[in-house]
Amino acid sequence: MSGKLFLENLLRYNTACRQLCALCYKEVHRTRRTTLGSPAYCTKLSRFLNTPKWCNETLIMVSISQTRLFSTKLGKGSGKTKIPKPKAKQEKQEVEIKQRMSVAELAQAMNKDVDHVYEALLHTTIDLDSLEPDSLLDEVWIKEAVKKSGMKYKWAKLTEGKVRENKDAVNRPPADPTVLVARPPVVTIMGHVDHGKTTLLDSLRKSQVAAMEAGGITQHIGAFLVQLPSGEKITFLDTPGHAAFSAMRARGAHVTDIVILVVAADDGVMKQTIESIQHAKNAKVPIILAVNKCDKPDADTERVKKELLVHDVVCEEYGGEVQAVHVSALKGDNLKSLAEATVTLAEVLELKADPTGLVEGTVIESRTDKGKGPVTTAIIQRGTLKKGCTLVAGKSWAKVRWMFDENNRAMSEAGPSTPVEIVGWKDVPSAGEEILEVESEQRAREVIEWRKYIEEQGKLKEDQQVIEAKQKEHQESYSKERDSMSHLNWRQRKSAMYRANKQRMAFRPKERMENEQLALPVIIKGDVDGSVEAILNILDSYDADEQCELDIVHFGVGDISENDINLAETFSGVVYGFNVDANKAIQQAAVKKGVQIKLHNIIYKLIDDLKEELSSKLPPTVAENVVGEASVLATFYVTVGKKKLPVAGCRVNKGQLDRKMKFKLIRRGDIIWKGSLTTLKHLKDDVQTVKTGMECGLSMDKDIDFQPGDEVVCYEDTEKQQEICWDPGF
């Protein structure tokens with residue numbers, strides 16, 4: 001390689017010498033032509049041509065020696081000089097991909113951050129606004145992101161993932177009939193609000209529950225074990241009759257054996273009466289009709305029975321199977337007959353249960369107690385509950401520390417059909433959850449972990465469906481936009497899409513600002529889980545988002561806490577409490593941070609307060625209040641300086657014209673001018689007002705050609721507070 005390089009350099013040197021000689025020869029001949037007759041030139045030429053031979057030979061020898069020296073140096077340095085090798089083609093980074101990767105997983109596989117994936121998908125049709133780190137990407141977008149990042153992809157080897165073992169707790173198989181024992185019936189009292197359900201229960205258990213209820217209406221499910229004078233025991237569930245507590249009534253119907261339907265004889269069948277009948281039918285539970293308030297003079301028991309026929313509740317007098325008992329809960333009349341009817345029906349149903357083995361039950365109500373922590377009211381349906389039992393309900397578990405009856409007396413055990421308060425829960429379980437006993441705390445944790453896993457998988461599936469729907473919508477919108485620009489070349493199309501996106505982005509902050517102004521963030525706290533559930537069910541019916549958005553920031557069970565105040569401050573919201581308290585320190589913190597705390601113990605008053613708060617967020621509407629009306633009789637002109645001003649001669653027909661107010665001119669039903677008056681005169685005097693029946697002359701702040709018959713209206717703008725159009729149904 002070095003020899004070849006030497007020959008190339010030598011050849012270049014030789015070529016350069018030849019070119020130099022040729023230039024010298026041309027210069028000599030050009031000089032000879034221009035200065036041929038010059039004696040000086042002839043002398044120089046003779047010297048050049050008569051150069052001795054040894055000089056030419058010496059010049060050649062020097063050139064050869066210089067050439068040899070150059071080649072020698074080149075040869076010596078050839079060992080050190082290396083020809084740069086051509087750079088090897090850089091290998092692209094390989095990225096292992098798989099089906100349905102999330103944005104975060106793809107970024108991790110590419111050894112990049114999440115923002116890099118967003119940048120790679122920037123100029124694609126995917127909706128970047130809907131992408132989150134846990135959003136799943138389709139195969140086409142995974143490949144696109146890898147290619148735009150200058151990498152290449154390869155499919156990850158498929159490994160058979162282990163199917164997660166189902167660790168959930170389940171009900172025991174049906175018990176052996178030989179171990180079954182008789183149990184008290186569970187009876188739910190249902191009906192319309194204020195028809196006397198709780199008063200009836202008071203008379204049966206000789207207590208004063210109704211007197212303790214806020215507003216005289218039941219707002220929780222109450223569970224009581226009543227022992228009749230005859231010795232029989234009955235577990236009663238008292239459900240709310242208010243429209244807001246539909247879920248509680250449904251829950252009560254599904255854990256009961258018998259439903260006592262209370263209907264007021266003076267009121268008849270009402271909305272919640274019909275709903276209670278439907279709950280009983282759905283649960284396939286027999287009904288006993290208690291016609292209450294029979295002592296009132298306007299009571300009509302037959303009307304009640306006939307109205308129930310429409311809803312397939314047929315009493316025995318009409319050939320049906322429903323027992324009807326006429327009672328007066330307030331006076332205690334005929335309650336013994338109602339108790340006997342209940343016991344008789346329970347004997348016919350042959351209610352039995354297994355008192356042995358693992359416990360099964362249902363959460364009737366749950367709350368947070370200051371001294372006891374999370375507490376549940378439950379009905380035991382199988383087994384016998386004792387201290388130390390490990391229970392699971394929903395996504396919460398408990399090691400039973402204490403048990404209490406409805407009178408707050410400690411219990412050592414609770415058998416089937418027994419209502420019991422359970423203390424020892426780690427979290428507050430939701431009302432209606434099934435209670436199952438497990439062998440140990442470790443087993444309880446396994447069950448809770450499995451249930452949370454199942455919930456997360458379901459949530460992921462729902463989120464994926466929402467994302468796919470949004471992506472499909474975005475794709476359709478993008479395709480439609482591209483189709484509308486199909487007649488443009490690519491440069492014009494890019495420019496048009498850029499302008500459209502720029503305009504779209506410019507509107508977003510404004511829209512967001514408007515939404516923030518017309519939104520009411522709320523924090524809901526209740527005494528028990530069922531109350532919070534009832535409030536949330538009402539709020540689910542909210543349908544006035546176009547007026548003001550209702551944003552439920554947080555909800556929970558228990559008194560107002562510092563965290564609730566901090567959330568309300570962050571979101572500029574309002575804290576609503578139902579049957580809960582806020583201590584003095586919390587109230588002071590709320591005042592300091594400008595947070596409103598609104599406490600109620602009657603649910604419909606809470607909803608009314610919420611409607612007022614929503615209405616206060618709405619901008620007031622401007623209405624025109626007519627002060628007076630006048631008709632134009634004639635027109636004439638008045639010269640002011642060098643200008644002629646039109647003046648209308650009018651007569652006031654109604655009210656009065658006040659110069660300070662606003663005016664409008666109406667001609668044949670059309671408003672042709674709105675503004676204010678420049679002059680208002682009665683005869684020749686400037687006046688402030690002109691009353692009914694008086695004539696006046698007036699001119700306006702704009703040159704208007706008045707016509708006889710025109711109507712002049714004096715009015716004032718009044719602001720009126722809007723009301724939210726949401727109707728919660730009560």
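The residues of the chain are indexed from 1 along the displayed sequence.
- Residues His326 and Cys294 approach most closely at CB-SG, 3.6 Å, considering heavy atoms.
- Side-chain atoms of Thr362 and Gln381 include a donor-acceptor pair closer than 3.5 Å.
- In summary, Glu449 and Arg445 do not engage in a salt bridge, as defined by a charged side-chain N under 4.0 Å from a carboxylate O.
- Within a 6.0 Å sphere centred on NZ of Lys372, heavy atoms belonging to other residues, nucleotides or ligands number more than 12.
- When atom types are taken as modelled, the side chain of Asp559 and the backbone of Asp581 share a donor-acceptor pair closer than 3.5 angstrom.
- Take Glu307 and apply the side-chain hydrogen bond (donor to acceptor under 3.5 Å, both in side chains) test, not counting sequence neighbours, and it matches Arg303.
- The environment of CD in Glu546 is crowded: more than 12 heavy-atom neighbours from other residues, nucleotides or ligands sit within 6.0 Å.
- Not counting sequence neighbours, the partners of Tyr318 by the side-chain hydrogen bond (donor to acceptor under 3.5 Å, both in side chains) test are Glu302.
- Among residues two or more places apart in sequence or in another chain, the ring-ring contact (aromatic ring centres under 6.0 Å, His included) test is passed with Tyr542 by Trp726.
- Partners of Thr368 under the side-chain hydrogen bond (donor to acceptor under 3.5 Å, both in side chains) rule, at least two apart in sequence or in another chain, do not exist in this structure.
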Could you pull out all donor-acceptor pairs under 3.5 Å where a side-chain atom in residues 172-186 meets a protein atom, sequence neighbours excluded?
residue, atom, partner, partner atom, Å
Arg172, NE, Leu358, O, 3.3
Arg172, NH1, Thr356, O, 3.4
Arg172, NH2, Thr356, O, 3.0
Arg172, NH2, Leu358, O, 2.9
Asp176, OD1, Thr178, N, 3.3
Asp176, OD1, Thr178, OG1, 3.3
Asp176, OD2, Thr178, OG1, 3.1
Arg183, NH1, Asp257, OD2, 2.8
Arg183, NH1, Ser417, OG, 2.9
Arg183, NH2, Asp257, OD1, 3.0
Arg183, NH2, Asp257, OD2, 3.4

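- Taking 4.5 Å as the limit, some side-chain heavy atom of Ile260 sits within range of a side-chain heavy atom of Phe236.
- Within the structure, ring-ring contact (aromatic ring centres under 6.0 Å, His included) contacts touching residues 340-390 (residues at least two apart or in different chains) do not occur.
- We find that Asp354 and Arg382 are joined by a salt bridge, their nearest charged nitrogen and carboxylate oxygen being less than 4.0 Å apart.
- One N or O on the side chain of Gln721 and one on the backbone of Leu618 form a donor-acceptor pair closer than 3.5 Å.
- By the side-chain contact (heavy atoms from CB on, under 4.5 Å) test, Ser616 is found to be paired with Glu613, residues two or more places apart in sequence or in another chain being considered.
- Between atom CG of residue Leu385 and atom CD1 of residue Ile422 there is a gap of 5.0 Å, rounded to the nearest 0.5 Å.
- Contact record, Ser396 with Trp425: OG-CE3, 3.7 Å, taken as the closest heavy-atom pair.
- Listed for the Ser531 side chain is no donor-acceptor partner under 3.5 Å among the backbone atoms of Gly526.
- Listed for the Asn292 side chain is a donor-acceptor partner under 3.5 Å among the backbone atoms of Ala329.
- Shortest non-hydrogen contact noted between Ile560 and Gly577 is CD1-CA, 4.3 Å.
- Legend: residues meeting side-chain contact (heavy atoms from CB on, under 4.5 Å) with Asn166, ordered by chain and number and at least two apart, are Asp168, Trp450.
- Expressed to the nearest 0.5 Å, how far CD1 of Ile258 lies from CG of Leu351 amounts to 6.5 Å.
- With sequence neighbours left out, Val532 forms a side-chain contact (heavy atoms from CB on, under 4.5 Å) with Leu536, Phe555, Val557.
- Proximity of Leu335 to Leu200: side-chain heavy atoms (C-beta onward) are separated by under 4.5 Å at one or more points.
- Here salt bridge (charged side-chain N to carboxylate O under 4.0 Å, His left out) pairs that include residues 311-323, with residues two or more places apart or in two chains, are Lys281-Asp312, Lys305-Glu317.
- Although no hydrogens or angles enter the test, the distance criterion places no donor-acceptor pair under 3.5 Å between the side chain of Thr390 and the main chain of Ser440.
- Expressed to the nearest 0.5 Å, how far CD1 of Ile364 lies from OG1 of Thr376 amounts to 10.0 Å.
- Atoms NZ and CG, from Lys370 and Asn583 in turn, are 7.0 Å apart once rounded to the nearest 0.5 Å.
- Considering every non-hydrogen atom in both Val575 and Asp564, the closest pair reads CG2-O, 4.0 Å.
- Across all non-hydrogen atoms, the minimal contact from Leu338 to Val325 is N-CG1, 3.9 Å.
- A 6.0 Å sphere centred on NZ of Lys598 holds more than 12 heavy atoms belonging to other residues, nucleotides or ligands.
- Of the N and O atoms on the side chains of Asp609 and His600, at least one donor lies less than 3.5 Å from an acceptor on the other residue.
- Taking NE2 from His279 and CD from Gln272, the interatomic distance works out to 9.0 Å, rounded to the nearest 0.5 Å.
- Taking NE2 from His192 and OG from Ser276, the interatomic distance works out to 9.5 Å, rounded to the nearest 0.5 Å.
- A donor-acceptor pair is defined here as one N or O able to donate and one able to accept, closer than 3.5 Å; such a pair exists between the side chain of Ser541 and the backbone of Ile538.
- A donor-acceptor pair under 3.5 Å links the side-chain atoms of Ser615 to the main chain of Ile724, judged by distance alone.
- Counting only heavy atoms from C-beta outward, the side chains of Leu308 and Val304 approach each other to under 4.5 Å.
- Asn171 meets the side-chain hydrogen bond (donor to acceptor under 3.5 Å, both in side chains) test with Glu360, Glu434; sequence neighbours excluded.
- Taking 4.5 Å as the limit, every side-chain heavy atom of Arg451 sits out of range of all side-chain heavy atoms of Glu455.
- Residues Gln547 and Leu518 are not in side-chain contact: their nearest non-hydrogen atoms beyond the backbone lie 4.5 Å or more apart.
- Taking 4.5 Å as the limit, every side-chain heavy atom of Glu533 sits out of range of all side-chain heavy atoms of Ser430.
- Asp298 has its side chain out of reach of Asp300: every pair of non-hydrogen atoms, C-beta onward, lies at least 4.5 Å apart.
- For Gln457, the side-chain contact (heavy atoms from CB on, under 4.5 Å) partners at least two apart in sequence or on another chain are Tyr453, Leu460.
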Test side-chain contact (heavy atoms from CB on, under 4.5 Å) applied to Leu309 and Val314, step by step: CA-CA 6 Å; Leu309 290 173; Val314 185; 4.0 Å; yes
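- The pair Glu421-Arg367 meets the salt-bridge criterion, with a side-chain N (NZ, NE, NH1 or NH2) lying under 4.0 Å from an Asp/Glu carboxylate O.
- Across every non-hydrogen atom of Val595 and Ile565, the tightest pair is CG2-O, 3.9 Å.
- Using a 4.0 Å cut-off between charged side-chain N and carboxylate O, Arg443 and Glu446 make a salt bridge.
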